[in-house]
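Accompanying notes for the structure given below.
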Amino acid sequence: MFPVKTENDPNTYDNEMVIQWLLGIQSLEDFLQALADAALELTRAEGIGVTIERGRRPLTVVSAGPAAPQLDEKQYGQDDGPCLQAARTGEEVVVDDMLTETRWGDYPAYAAASGVHSSVSFPIADRAGTVGALNVYGGPPHAFVGTDFTVLRSLASQASGAVALAERLVDTQQFAEEMRAAMQSRAVIDQALGVVMVQRRCTADEAFEILRMASQHRNIKLRDLCTQMITNLTGQTPIPPQMPPRP
């Protein structure tokens, strides 16, 4: 049994203390590495790995201890194993003894030969398109029998929150880039519309139809056509508008 948190053990971590400590980390990678290091110290396991899978492409983003990388990679190579099962099902997966384990092909024998006879995987980042697992690898058989998983589950939950936040930030940045591109396109098209309206003495709708037909005829995007038009007319590339600063 690994010496994780108990009510009367002053040498183990308080759940709130772990959370506050992790909140002080700045980057996602550093956060997850600190989480893996904390899990290793809490359990004194042979290794800790944090798996993130997106589009069914798993990756060990951080690890602590020598055992995790090779065991994770073995599972990725056969597209099956306890860490992938936990990630994909959202359920904890406990292996008491690799030598008697019948799941996951030859992975249990490989793990046992590597000195790891037990493991537990906690699901993390259970979101659409992204899943993951916190993998704890133990040396002896039945290493986790009777273990209180409270703090490890909390660490897995913190990892889920960190990954979800990082994804939201990426999505927000992507949305901002798309909005910026849309603003740039709209501004160039508006300039070209104004030119056509003056030259042809027509309405905005008529000018747009003229530009659309020219775009189709030349088989180029409308924005590229308008950019060329303004550049040829003024001798300068249109300057795109800037996104307003975030409050």
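Computed over heavy atoms, backbone and side chain alike; hydrogens, waters and symmetry mates excluded. Counting begins at 1 with the first residue of the sequence.
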Non-neighbouring partners of [X] that pass side chain to side chain contact (heavy atoms under 4.5 Å, CB included), sequence neighbours left out:
{"X": "S157", "result": "none"}
{"X": "D80", "result": "Q78, W104"}
{"X": "A207", "result": "L193, V196, M197, C202"}
{"X": "S121", "result": "P82, C83, A86, N135"}

With sequence neighbours left out, the residues meeting salt bridge (Lys or Arg N to Asp or Glu O under 4.0 Å) with R218 are none

Who pairs with R56 by salt bridge (Lys or Arg N to Asp or Glu O under 4.0 Å), at least two apart in sequence or on another chain?
D79

Any donor-acceptor pair under 3.5 Å from [X] side chain to [Y] backbone:
{"X": "Q216", "Y": "M213", "value": "no"}
{"X": "S215", "Y": "L211", "value": "no"}
{"X": "N232", "Y": "Q228", "value": "yes"}
{"X": "H117", "Y": "D97", "value": "no"}
{"X": "S154", "Y": "T150", "value": "no"}
{"X": "Q33", "Y": "S63", "value": "yes"}
{"X": "T60", "Y": "G49", "value": "no"}

Any idea which heavy atoms bring [X] and [Y] closest together, and the distance?
{"X": "L40", "Y": "E46", "result": "CD1-C, 4.5 Å"}
{"X": "A112", "Y": "L99", "result": "CB-CD2, 3.6 Å"}
{"X": "L134", "Y": "L152", "result": "CD2-O, 3.8 Å"}
{"X": "V116", "Y": "Y137", "result": "CG1-CB, 3.9 Å"}

Show, in sequence, the C-alpha distance, side-chain angles and deciding distance for M98 and Y107, and conclude whether the side chain to side chain contact (heavy atoms under 4.5 Å, CB included) test is met.
CA-CA 9 Å; M98 293 291 182; Y107 166 75; 4.0 Å; yes

Report yes if some heavy atom in the side chain of [X] is under 4.5 Å from a heavy atom in the side chain of [Y]; otherwise report no.
{"X": "E91", "Y": "Q85", "answer": "no"}
{"X": "T203", "Y": "F208", "answer": "no"}
{"X": "L155", "Y": "I124", "answer": "no"}
{"X": "L222", "Y": "I189", "answer": "yes"}
{"X": "S114", "Y": "Q70", "answer": "yes"}

Got a sec, which residues hit side-chain hydrogen bond (donor to acceptor under 3.5 Å, both in side chains) with [X], two or more places apart in sequence or on another chain?
{"X": "E209", "value": "R212"}
{"X": "R200", "value": "none"}
{"X": "D205", "value": "none"}
{"X": "D190", "value": "R186"}

With clusters built from Ile, Leu, Val, Met, Phe, Trp and Tyr whose side-chain heavy atoms come within less than 4.5 Å, directly or transitively, what are the remaining members of the cluster of L84, listed by chain and number?
Y76

Verdict with reasoning, V93 to V120, per side chain to side chain contact (heavy atoms under 4.5 Å, CB included):
CA-CA 6 Å; V93 178; V120 58; over 6 Å; no

Are I52 and L59 close enough, and set up right, to give a side chain to side chain contact (heavy atoms under 4.5 Å, CB included), and what steps lead you there?
CA-CA 5 Å; I52 298 296; L59 173 69; 5.7 Å; no

Separation of R54 CZ from T130 OG1 (nearest 0.5 Å)
4.0 Å

Return the NE2 to CG distance between H217 and L225, rounded to the nearest 0.5 Å.
11.0 Å

Parallel under 30°, tilted from 30 to 60°, perpendicular over 60°: which one fits the rings of F149 and F122?
perpendicular

Which pairs, with at least one residue in residues 100-114 and sequence neighbours excluded, count as a salt bridge (charged side-chain N to carboxylate O under 4.0 Å, His left out)?
K74-D106, E101-R103

